[in-house]
Structures are given as C-alpha cells and as structure tokens.
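Scroll down for the structure; my scribbles are underneath it.
Scope of the values below: all heavy atoms of this structure, side chains included, with no hydrogens, waters or symmetry mates. Because the structure is a prediction, the values reported are computed rather than measured. Below, read A as the first sequence line, B as the second, and so on, with proteins coming before strands; counting in each chain starts at 1.
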Amino acid sequence: MAESLTTEVLRDAIRRLSAQAESCADELSAIDGALGDGDLGVTLVRGMRSVAEQADDLPPDLGAALLQCAKALVSLSGSTYGTLLATGVMSAAKAVRGRTEVGWRETADLLGGALEAMQRRGKAELGDKTVLDAVAATVEALRLAETPDAMLPAARQAVREAIAEFRDRAARQGRARMFGENSVGKDDPGMVAWLRLLEGLA
Amino acid sequence: MAESLTTEVLRDAIRRLSAQAESCADELSAIDGALGDGDLGVTLVRGMRSVAEQADDLPPDLGAALLQCAKALVSLSGSTYGTLLATGVMSAAKAVRGRTEVGWRETADLLGGALEAMQRRGKAELGDKTVLDAVAATVEALRLAETPDAMLPAARQAVREAIAEFRDRAARQGRARMFGENSVGKDDPGMVAWLRLLEGLA
Amino acid sequence: MKKILNDPFRYVDEMLEGLCAAHPQHYQQRGPHGRVIARAGGAVSGKVGLVTGGGSGHLPVFTGYVGKGLLDACAIGDVFASPSVDQMADAIHAADGGAGVLLIYGNYGGDVMNFDMAAEMVDMEGIATETALVADDVASAPLAEREKRRGVAGMVYGFKLAGAKAEAGADLPTVAATARKALDATRSIGVALTPCTVPQVGKPTFQLGEDEMEIGMGIHGEPGIQRGKLQTADEIASTMVDALLEDMPLASGDRVSVMCNSLGATPPEELYIVHRYVAGRLRELGAEIVMPLVGRYATSMEMAGMSVTFCRLDEELEQLLQAPCDCAFWRV
Amino acid sequence: MKKILNDPFRYVDEMLEGLCAAHPQHYQQRGPHGRVIARAGGAVSGKVGLVTGGGSGHLPVFTGYVGKGLLDACAIGDVFASPSVDQMADAIHAADGGAGVLLIYGNYGGDVMNFDMAAEMVDMEGIATETALVADDVASAPLAEREKRRGVAGMVYGFKLAGAKAEAGADLPTVAATARKALDATRSIGVALTPCTVPQVGKPTFQLGEDEMEIGMGIHGEPGIQRGKLQTADEIASTMVDALLEDMPLASGDRVSVMCNSLGATPPEELYIVHRYVAGRLRELGAEIVMPLVGRYATSMEMAGMSVTFCRLDEELEQLLQAPCDCAFWRV
Ligand SMILES: Nc1ncnc2c1ncn2[C@@H]1O[C@H](COP(=O)(O)OP(=O)(O)O)[C@@H](O)[C@H]1O
Ligand SMILES: Nc1ncnc2c1ncn2[C@@H]1O[C@H](COP(=O)(O)OP(=O)(O)O)[C@@H](O)[C@H]1O
Ligand SMILES: [Mg+2]
Ligand SMILES: [Mg+2]
Ligand SMILES: [Mg+2]
Ligand SMILES: [Mg+2]
C-alpha cells in the first residue's frame, strides 16, 4: 500500500475494485438471493462501473474526487448497499475537502467517520449483522496496523473473522431480518461483499 | 262472464287475479328458475298487489282505469313480464279511451291489439315460445267463442294446448334463449303464468 | 372475488345512500324507492333533459355521470338488471325542464323495452322524448347488423357530447341529432381477464382459465370473439386497434379521442402501457389524439380487463368534448 | 392475478411513457432514465418545491399527484421498490424554484435512507430541503412508537395541504410546518382481501384464504393486526373506525375529511357502502365531514381491499383542502 492517499491512488483502487465487482457478481447475488432479493452483485457491478467510467476525470482535490465517486455510486441503483457505500464515501469526501493528500495513519479515522455516517443513515446498530460489522472490524485492524503494508492483510483477516463470528447469529436489519432465525448459519451478503472488495484492493 | 266489460267488472277481475298470483307465486318462480332468473312469481305478486291496492279508486272511464292499472303494474319490477303485461294493458287503455263499457265481442280485438303492442315492445315473433304464443291462442279462442260464458273455458283450453305444443321446442327469446336446446322439454314460464291468470279469472 | 358488503339485496340501495351522502352537491336521490339519481339542483328550466338508466355495478356508469354538462337524471336497476319502467318515468320527470328529454342508454333488451314503455307513459302527460341508443361494441355484431350491437364504454362520449349540446341550449331534435352523430362516430372493444361476481348471485358470472383472456367479451360476460392464451399488452392492444380501425377507418388528419378504460381491477399502470401502444398506432396513421381518457369510466365491479374506445371528432364534437362538465367522477 | 403488460422489467418505464403521452399538459419525464416526473411547466420560480418518491404500483400515488396545488416532482422506483438517490436528487432539482424543497413521502426504510442522502447531496449545491415523513397507518405500530408507522393513503392529505400552502407562497419552514401539522392530524387503517402481484416477481405478494381478510395489512402486504373471516361491510368499517378514533379521538364540532380508498380491485360501489357507515358514525359523534374523498387515491395495483383515513381540520387546513389543485387524477 502507498504511504499516502492521493487521487492517483484512488484512481488505481477504483480500477481494481471495479474488476473485482465484475468477478464476484454472481457469487454475491447468490448469497443475497438466500437472505434478500438477490440483487447485490448487480448493484455492485453497476455502481462500480459508473464510478470507473469517470475515474480519469477525477480532480486532484481528494474531497472533490470522493464526492464525484459518491454521486456516481448512487447513479443507478435504489439498493441499500449502494446508498450505504455512497454515504461512507461522501463522509470521507467532506472530511478531506480541499486536500490533495492524506497520510496512511489517517485512513482508519476516515473510515471510522464513514462508519458513523453509514450507521446514522441506515439507523442500524453494530452487532445487527450487517456490512457495518465488517466495516467496524476493518477500522479496528487499520488502527492497529504498524506499517502501510500491514494494513490490508490485517483488515482482510479481521473481516473474515467477523463473518465467521456473525454466521451463527440472526440478522436484525434489512431484508435478511424477515428471515429471522432462518438467517442463522448464513453469511450476511453485505459483509461478504465488503470482504471481496478488500480482497480486490490488493 | 259478464256481457260487457265495465270498471266494476275490471275491479272484480283484479281481485281474482291478485289472489291467484299469490297462490301461484312459488310454482311460477320455480319454473322461471329452471329457464331464467326465478323471479316471475315475485314479479306477478308485486305487480298485482300494486294494481289491487288502487282497485277501489279506478274511474268509470275504462281507458283511464286501464291506464292506471298499467302504471301500477310497472311500479316495482324491472322484469320483462311486468313490462309486457303493462304494455298490453296500456294498448287496451288507448283503444277504449273515453268509454265506460265494452261489449264482450270486442274483447278479442282488444286483446289482439294488446298482443300486437307486446310484440312490438319485445321485438319477438309468434312461435318464439313466449307468453305471446299463449296470448295469441287466447285471442283465437275468444274470437271463436259463441257466448260470453264460453270464452274463458275455451281460452284456458287453447292455452293448455299451446303450452303442450311448444313444450318440445327451443326458446328463442329472453333468458330462456341462453339455455338453447336445454329449453326443450321445459314449459315456458311466461306461458304457464298466463294460463294461471286465466284460471284465476273464473 | 371477495366483496365488502352487507345484505346483497341492499347492495344498490346502500351504495346510493353512500353516494349521495358523499356528494350532496352533485347527486340527489329521487323516486319512491330512491332508485333515481338527479342533479342536486334538479331539472334546469328550458334545457333539454338527458336521462339514462341501466343496471348497477358499472360506476361511474350510469349514475356517476349525472352532473352539469352531462346527464340530468338516471334510473338505477339492481346489479346488471334493468331498472323498472316507472323508475325510468320518474327519472324523465326529474330531468324534464319543459324542453323535452333525450333518453340515451345502452342497447340491452330489457332496458330498451322499459325505456320505450316509459317514453309512452310520459308522452301521455305531454313530455316529449327522443331516444339515442348506444351500440358501440364492435365485437357484439358485424357492421352490417350494427343496430344489434351492445352499448359499452362509448356511452360516456354520448353522455358528454349530448350533455354539452343540451347545456348550450339546443332543442330536443338538435340534441338528439348530436347524440346520434357522436354515437355513430364511436367504436369500442374490450378484453376480459377475469369475471366478476353479482352480489345477489354470489358466484362469478363466467369462467376463464388461469392463463386465458377473451377479446370482445361484454361487460356482463357476454361472449366475445376470441378466447385464447393471455397475450402481451402490445399484442392485445394491436388486436383491439385493428378491430376498431377495420370498423371505422381513420386517416391522416383525423381528430379522435381515445379512451383506455379499466373494467375494474386492471390498474391504471396497465392502461397507460396500452395507451402508449394505441397512441403510437394513431401517430403512425397521422391521426391526432384529442383529450385521451385513461382510467375507470365504465366498469364491471372487480372484473379484470379493459376496453379501448375511439370517438372520431368533427369540429362541433371536439368543441363539445372540451366543454366544461362536472360530476363526482369526471370534471372537464 | 392476470396482468396486461409486455416486459415486466419495462413495466414502469412503459407506464411512464404512456402517462406522459396521455397527459402532456400535466406531466413531463425527466432524468437520464426518465424516472422523474415533473410538472409540465417545470419548477415555479420563487415557490417552495414539493417532492415525493417511492415505488411504483400505487397510482395515483406517487407520480399522479404532480400538479398545480400539489407536488412539483416525483422520483419513481420499480414496483414496490425505492427510487435511487440520484433519481431523488434529480426530482429535487426539477422542483427547485429557488425557495427550497420539501421532501414529503412515506416512512419506508429504503426511501428514508435515499431521500436523506439525496438531501445531503443537493445541500452541497446550496438547495435547502426539509422533510415531512408520512406515518399515518395506525395498524403498523402503537401510538407510543408513532415514528415507526408506515405511510399509506393519508399521504394524499399531506400532498394536498402542503401543496396548497406552497402554492400560496409560504416559505420552506412554513410549508414544512403545515405539512407536519396536516400529517399529525391524519390517521389511516386498511383491510386487504386479496394480494397483488409484482410484475417482476410474477406471483402474489402473500396468501389469504378464500374467505379471509386482514385488517391493518400494509399496501405491500406487510402484516396487519387481525386476520380472520371476511366480515360484512359494516363490521369491517366499525373495526376500522374504532381503531382510528382510539388513536385520534374526535368530538362534537370537530371538522374532518374522510377518505374511503380502494386498494385497486374493490369497486367504488363498495366504497360508498362503507362511506355510508363511516358518515353515520361521525354524525353520531357530532363531527362534521368536510370534502369526503371516495375512490382510488392510493392503491396496490389489483389488490382487493380498502382503507379509511381521517384528517382532522383546523381553519387553516380546511382552507388548504378546499384550495384548487389539478392533476390527471384529481381536481379541486
Ligand atoms: N439498515 C441497514 N444498515 C446497514 N446495513 C444494512 C442495512 N440494511 C441492510 N444492510 C446491508 O445491506 C446488505 C444488502 O444490500 P442490498 O442487496 O443492496 O439490499 P436491498 O436489495 O435490500 O436494498 C445486507 O446484507 C446488509 O449488510
Ligand atoms: N322479448 C320477449 N317478448 C315476449 N315475451 C318475452 C320476451 N322475453 C321474455 N318473454 C317472456 O317473459 C317470460 C319471463 O319473464 P320474466 O321472468 O319477467 O323475465 P326476466 O326475469 O328475464 O326479466 C318468458 O318466460 C317469456 O314468456
Ligand atoms: Mg439486495
Ligand atoms: Mg434490492
Ligand atoms: Mg325472470
Ligand atoms: Mg328478472
């Protein structure tokens, strides 16, 4: 991982995430089909495609660049996941408005702020077995990482553990909640999607 | 039968017909139920009751008296039979307007005129297996009768024969027509009702 | 189909009570049994009266269209049953402003018989009447036997155009002639997807398979011209438009109002999908759509299905169509 | 239930095309995918804009109520699905006349999330917004947790009263306050008799026995409060009126508008039978009914069933209710 986040780094990340979304789409839709309406793969593909389409036009101002990404993310889908991701990105955009560079140690706080925004947006609690729990695990791992290169591996490991930990709990938010006890034993689609995104970043 | 038709004679006939309608209602509704909507008994009872209610107020002018009867006949029901009977009575009312007495030999023509009016109203032909065929048989019998007293018995006999004759034909008018070949073997409700009315007059 | 009702034999009377309770500024119950609905203001002196009548279960037809620029009074039968002669005569009385009354209603045996009789009765009291029969359903008889056709949704154009003419002060022969001209330029065809249930009967009026539809079926379930598998909206619409155009060709420059009418359960969403197709077809022909009507104008309670009506307009009819009107179900 | 449609995935888009083809004087498609409907004339300069949005399948809700004296723009999702954030932002842009925009819509998770997000997005561009959530369904949560209630037919009163206030030139905080006051005085409850079918899904949204009904069921089939045998109109109405009055007592002298709304298939005949009962109950209480609404105001495609809404009026709200409005589905 680079020492700091710039628009150039962001552009590179978008390309990786976009490719990853395409290759995980079917898997994610299938998981969402088991606990929801089966559109999560399509949602991610559409959202990332529309972000990628304008990756070349992103301005050096990181705040402006992230805002543009957030808007592109919500350009098509009416899905929960798209709105939540966009909410997180928009929170980060606000936090770094006017800056062209953000040091690696700051990224944990940026994601922490995004998490809070997503929580407010979705009115969910940590522990409800949603993507929030995966993001929270990520924030924690980033905080503890001692070098830039240690960040991503630690985050992936933490999210895998979170998924395993929540597997045997019942979902308390979104469509999965309607499945009640039947959601026990199944992975939350949003958490898995988050893991796949992290895997794509490497 | 009286030598001539006056309002007094009419009043008496109304009382008999009204009583007869009450006692035949169930039979007629059952027959109409087999080839229609089963309301013929109720139709006749309601119609005759409302005619009978004002029998005492009928004016000596036979035309005016019959017009009043026609109006009373249609006061309640939206049924074909009620409208046809009222049409016949109204035709007779027009024919004797201003007179207080009609000789017995004239009654066949009066009924013949009524028959024509009913035909025009319902746009049916003789031979369609409707009340018209019973009325036609009555007109014929009245024309051939040689004394007032011979009239009613001859008419009843003629109508019974007409019913028997039409029994094995298919209905070609009204609701019974929808039954097509299934109407074969069944008596037309309107013809039977006409017979019962004639029987009630005696 | 499940119904929200009390006594099936009081269905129509309770409905009329509710109608007049909700819209006292529009409707007034008349007649010894309340089976006549007249304009709240009563007959308009010197204006030709417009009267219709027929069975219940078709709201807004018939009763709903009593109002300014439309009808003056309506005689109301039980569900799918003819009103009685004296209810019709009462309706004529309620509509009579001294300039005669036009009877405008659908071509159904019982209604014709009873209205003819009622007309004779009021004639003896000196009320002049004329009759305009609605026979717009092209599926119910070939063009050569047009007088045998049933009246369906097209009657709404008859009410509107004759109503506007009467409101404008025309005399009885003129109003009658306008009504006939309007009805002569009006054609309808329907498609049924499910039956409906007459409350007093309690079971569906006919059967239709899970994946079947019937094109040309009447609003009481009278047989149509083509029963088959449910098709797409465009296929159904194309069959209907073809049938209408064959009966009354339209050419470039013609001006026509089109009505996409739900029989009840079919939602407006689907009507708009069909309207989209119909509008495209008329555009191709170069015909101009004037004041399209999309909604529930003539229904059969909860029947699923719809009808399409074309009303070809000359200058006079177009002006009459655009003229103001006001009832609880339609305002122009 | 059988549907007249082409491609289920084009249902909403074809519907909107037809809607705008039929009523170009009322509606205009906007946005890159046409999923925003704005007033034909566009935003009114200097007027507070009113925006709503939600899933399709509820006509006239939501889109239908775009019009003078009502809404300025609407974001349209697939059937029973939330519109996207950017569609909502597009709708806000289409409604913005420089005086800020009120977002007024039903309390559903996805809609709230997306509208909040859209509001933040336009905020960064300098468009001020306020939100008024419709949460009128008394069956969806107890009074103590009123903020959790779903929004159903009562939203029509919100559109009308806030729409009239905005038309009268009030500023954004005032329009928002009026909307909240109106919604605070509005309560609804429904009864479902049959499910409906989402085109893209192809099978009914829930199951209900041949002789069953469910009181309190939501317009997407959300669970209600009492499932049981189908009762008479008066029994059903009595249960519903009791629930409404318990939640918002009415007293002698109160002025209230009542809406008897069909969910789709239930015909107006049955609504009038229910209105008759409801009017009787309010008369007993000494409450006065103002401008009752009987018809299809907020539907679930071809679902059978109905809802009753009470909107208690003070002098201001009554004037706003009587103020003129105009869209393809409602004119005052
Ligand atoms: N209220 C909420 N807050 C946070 N995350 C949520 C919420 N509701 C759902 N999610 C997450 O979103 C995921 C589903 O996303 P998506 O398929 O886009 O939802 P939908 O199709 O229901 O709109 C879930 O697996 C869960 O992780
Ligand atoms: N067009 C017609 N012309 C003459 N008689 C008719 C006609 N249609 C039906 N009828 C007679 O009326 C009888 C049925 O009367 P009724 O029960 O009142 O009819 P409905 O209930 O169908 O209105 C039939 O049995 C037949 O005799
Ligand atoms: Mg999903
Ligand atoms: Mg989804
Ligand atoms: Mg009968
Ligand atoms: Mg009958």
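Residue Tyr27(C) comes nearest to Cys20(C) through the heavy atom pair CB-SG, 3.9 Å, listed as atom of the first residue, atom of the second, then distance.
Remark: the backbone N or O of Ile4(D) is paired with a side-chain donor or acceptor of Glu270(C) at under 3.5 angstrom. Arg35(D) places a side-chain N or O within donor-acceptor distance of the main-chain N or O of Ile76(D), the cut-off being under 3.5 Å. Under a 3.5 Å cut-off, the side chain of Thr197(D) and the backbone N or O of Pro199(D) do not form any donor-acceptor pair. Although no hydrogens or angles enter the test, the distance criterion places a donor-acceptor pair under 3.5 Å between the side chain of Asn6(C) and the main chain of Ala233(D).
For a residue to count as touching a neighbouring chain, one of its non-hydrogen atoms must lie under 4.5 Å from one of that chain's; by this rule His23(C) touches chain D with the side chain only. Residue Ala304(C) touches chain D through its side chain alone, counting heavy-atom pairs closer than 4.5 Å. Looking at Arg296(C), only its side chain comes within 4.5 Å of chain D, counting heavy atoms on both sides. Looking at Leu59(C), the atoms closer than 4.5 Å to chain D (heavy atoms on both sides) sit in the backbone and in the side chain alike. For Ile236(D), the part sitting under 4.5 Å from any heavy atom of chain C is the side chain, from C-beta outward, and nothing else.
Your options are Ser262(D), Gly305(D), Ala328(D), Pro267(D), and the one with the most heavy-atom pairs under 4.5 Å with chain C is Pro267(D). When each of Asp13(D), Val12(D), Val191(D), Leu230(D) is checked for heavy-atom pairs under 4.5 Å with chain C, Leu230(D) comes out on top. When His58(D), Glu269(D), Met15(D), Gln25(D) are compared by the number of non-hydrogen pairs under 4.5 Å with chain C, Glu269(D) comes out ahead. Each of Val79(D), Leu19(D), Val274(D) has some count of heavy-atom pairs under 4.5 Å with chain C, and the biggest count is that of Leu19(D). Per-residue counts of heavy-atom pairs under 4.5 Å with chain D were compared for Met303(C), Met301(C), Glu14(C); the largest is that of Glu14(C). Across Gly295(C), Ala22(C), Pro60(C), the residue that shares the most heavy-atom pairs under 4.5 angstrom with chain D is Ala22(C). Chosen from Leu193(D), Leu271(D), Thr232(D), the residue pairing most often with chain C at heavy-atom distances under 4.5 Å is Leu193(D). Taking Asp234(D), Thr299(D), Val258(D) one by one and counting their heavy-atom pairs under 4.5 Å with chain C, the maximum is reached by Asp234(D). Residue with the most contacts toward chain D among Ala279(C), Ser300(C), Gly57(C), Gly64(C): Gly57(C) (heavy-atom pairs, distance under 4.5 Å).
Residues of residues 204-220 of chain D that come within less than 4.5 angstrom of chain C, heavy atom to heavy atom, are Leu208(D), Gly209(D), Glu210(D), Asp211(D), Glu212(D) in numerical order.
With hydrogens and angles left out, the side-chain atoms of Tyr277(C) and Arg281(C) include a donor and acceptor closer than 3.5 Å. A side-chain donor from one of Ser257(D) and Tyr157(D) sits under 3.5 Å from a side-chain acceptor of the other.
Salt-bridge check for Glu235(D) with Lys229(D): failed, with every basic side-chain N at 4.0 Å or more from each acidic carboxylate O.
Annotation: side chain of Lys160(D) is in contact with side chain of Cys325(D) (closest heavy-atom distance under 4.5 Å). Considering only heavy atoms from C-beta on, Val156(D) comes within 4.5 Å of Val61(D) through its side chain. Residues Phe80(C) and Gln200(C) are not in side-chain contact: their nearest non-hydrogen atoms beyond the backbone lie 4.5 Å or more apart.
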Next on the checklist: Pair Lys3(C), Glu302(C) - check salt bridge (charged side-chain N to carboxylate O under 4.0 Å, His left out), show working.
Outcome noted: CA-CA 9 Å; Lys3(C) 289 177 177 289; Glu302(C) 74 285 353; 2.8 Å; yes
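Under the side chain to side chain donor-acceptor pair (under 3.5 Å) criterion, the residue pairs touching residues 322-332 of chain D are Asp326(D)-Arg331(D), with sequence neighbours excluded.
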